[in-house]
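Notes follow the structure.
Start at 1 with the first residue, then count along the sequence. Basis for what follows: all heavy atoms, side chains included, without hydrogens, waters or symmetry-related copies.
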Amino acid sequence: MSESSPEWKFDQEPKVGAVTTRQVLDDSSPILLVIHYGDDCSWAFLCDTTEDETDSRMVTMEQMVKLDPTLEDIADLPPGWIAYRDFVGDEWDKFEEEEE
């Protein structure tokens, strides 16, 4: 998948940074929560098992899709929206992030 690849579906390029957790990378925890931030259009791919900032890791969008190709199912998630599922392969529930 190159940056010019027509099959890339996300609004951020493959080499753009994204947030995930240590648990996703090191413990193979499934990605169950995805946030597409409205303020800067960045993405977070989370396991929903931790909120400890020390567990945060920076990766590329491409790394996340390689790790879990089912993420392509929500590549069209609008900025300011969140997607959640109970397990890999489950339907994604999508909703607009509430403003604080």
Side-chain angles (χ1 to χ4, degrees):
M1 230 176 305
S2 71
E3 291 181 22
S4 60
S5 173
E7 57 200 50
W8 185 254
K9 299 176 182 178
F10 288 86
D11 65 346
Q12 299 293 320
E13 293 293 328
K15 301 294 185 200
V16 169
V19 174
T20 192
T21 64
R22 175 192 60 75
Q23 289 81 353
V24 167
L25 297 176
D26 298 343
D27 300 338
S28 299
S29 292
I31 298 167
L32 302 178
L33 175 66
V34 176
I35 304 169
H36 191 182
Y37 294 102
D39 57 351
D40 63 2
C41 294
S42 64
W43 290 78
F45 302 97
L46 309 171
C47 55
D48 203 25
T49 63
T50 182
E51 292 184 13
D52 186 341
E53 289 184 17
T54 64
D55 287 328
S56 294
R57 301 291 184 268
M58 196 64 149
V59 294
T60 65
M61 296 285 295
E62 183 176 47
Q63 284 176 282
M64 289 289 85
V65 173
K66 284 181 180 177
L67 184 66
D68 183 350
T70 68
L71 295 174
E72 289 187 337
D73 295 342
I74 56 163
D76 62 349
L77 189 70
W81 282 64
I82 295 172
Y84 182 84
R85 62 185 173 182
D86 290 324
F87 54 89
V88 175
D90 192 17
E91 289 279 324
W92 288 99
D93 290 322
K94 302 173 188 177
F95 52 94
E96 194 167 7
E97 192 173 23
E98 294 180 18
E99 302 219 9
E100 294 180 21

All pairs passing ring pair (Phe, Tyr, Trp, His ring centres under 6.0 Å) where residues 61-89 contributes a residue, at least two apart: none
Less than 4.5 Å apart, side chain to side chain, heavy atoms only: is that true for Glu91 and Arg85? no
For the atom pair CG (Asp48) and CD1 (Ile31), what is the distance rounded to the nearest 0.5 Å? 12.0 Å
Non-hydrogen atoms of Thr21 and Cys47 that approach each other most closely: OG1-SG, 3.3 Å
Closest approach of Leu32 and Val88, non-hydrogen atoms and distance? CD2-N, 4.3 Å
Find out if a path of hydrophobic residues (ILVMFWY) with successive side-chain heavy-atom gaps under 4.5 Å connects Leu46 to Leu67. no
Tell me whether Leu71 is reachable from Leu77 by hopping between hydrophobic residues (I, L, V, M, F, W, Y) whose side-chain heavy atoms are closer than 4.5 Å. yes
Please determine which of Leu25, Thr50, Thr49 meets the side chain to side chain contact (heavy atoms under 4.5 Å, CB included) test together with Asp55. Thr50
Below 4.5 Å, heavy atoms only, C-beta onward: do Val65 and Glu72 meet side chain to side chain? yes
Determine whether Met61 and Ile74 fall in the same hydrophobic cluster, where Ile, Leu, Val, Met, Phe, Trp and Tyr are linked whenever their side-chain heavy atoms lie under 4.5 Å apart. yes
Of all residues at least two apart in sequence or in a different chain, which pass the side chain to side chain donor-acceptor pair (under 3.5 Å) check with Ser56? none
Tell me, please, which residues at least two apart from Arg57 pass side chain to side chain donor-acceptor pair (under 3.5 Å). none
With sequence neighbours excluded, give me every ring pair (Phe, Tyr, Trp, His ring centres under 6.0 Å) pair touching residues 41-69. Phe10-Trp43, His36-Trp43, Trp43-Phe45
Test of understanding: with side chain to side chain donor-acceptor pair (under 3.5 Å), list the residues that count as partners of Thr54, not counting sequence neighbours. Asp52
So, does Arg22 use its side chain to make a donor-acceptor pair with the main chain of Asp27 at under 3.5 Å? no
Looking at Lys94 and Asp73, is there a salt bridge between them, counting it only when a charged N and a carboxylate O are closer than 4.0 Å? no
Nearest heavy-atom approach of Pro14 to Thr60 is O-CB, 3.4 Å
Stepwise side-chain contact (heavy atoms from CB on, under 4.5 Å) test for Val34 and Trp92: CA-CA 10 Å; Val34 176; Trp92 288 99; 3.7 Å; yes
Look up atom CD in Glu96 and atom CD1 in Ile82, then write down how far apart they are to the nearest 0.5 Å. 10.0 Å
Shortest non-hydrogen separation from Lys9 to Ala75 and the atoms involved: CB-CB, 3.5 Å
Those residues that, when tested against Gln12, pass side chain to side chain donor-acceptor pair (under 3.5 Å) (two or more places apart): none
Indicate, with yes or no, if Val59 and Trp8 share a hydrophobic cluster defined by side-chain heavy-atom contacts under 4.5 Å among Ile, Leu, Val, Met, Phe, Trp and Tyr. yes
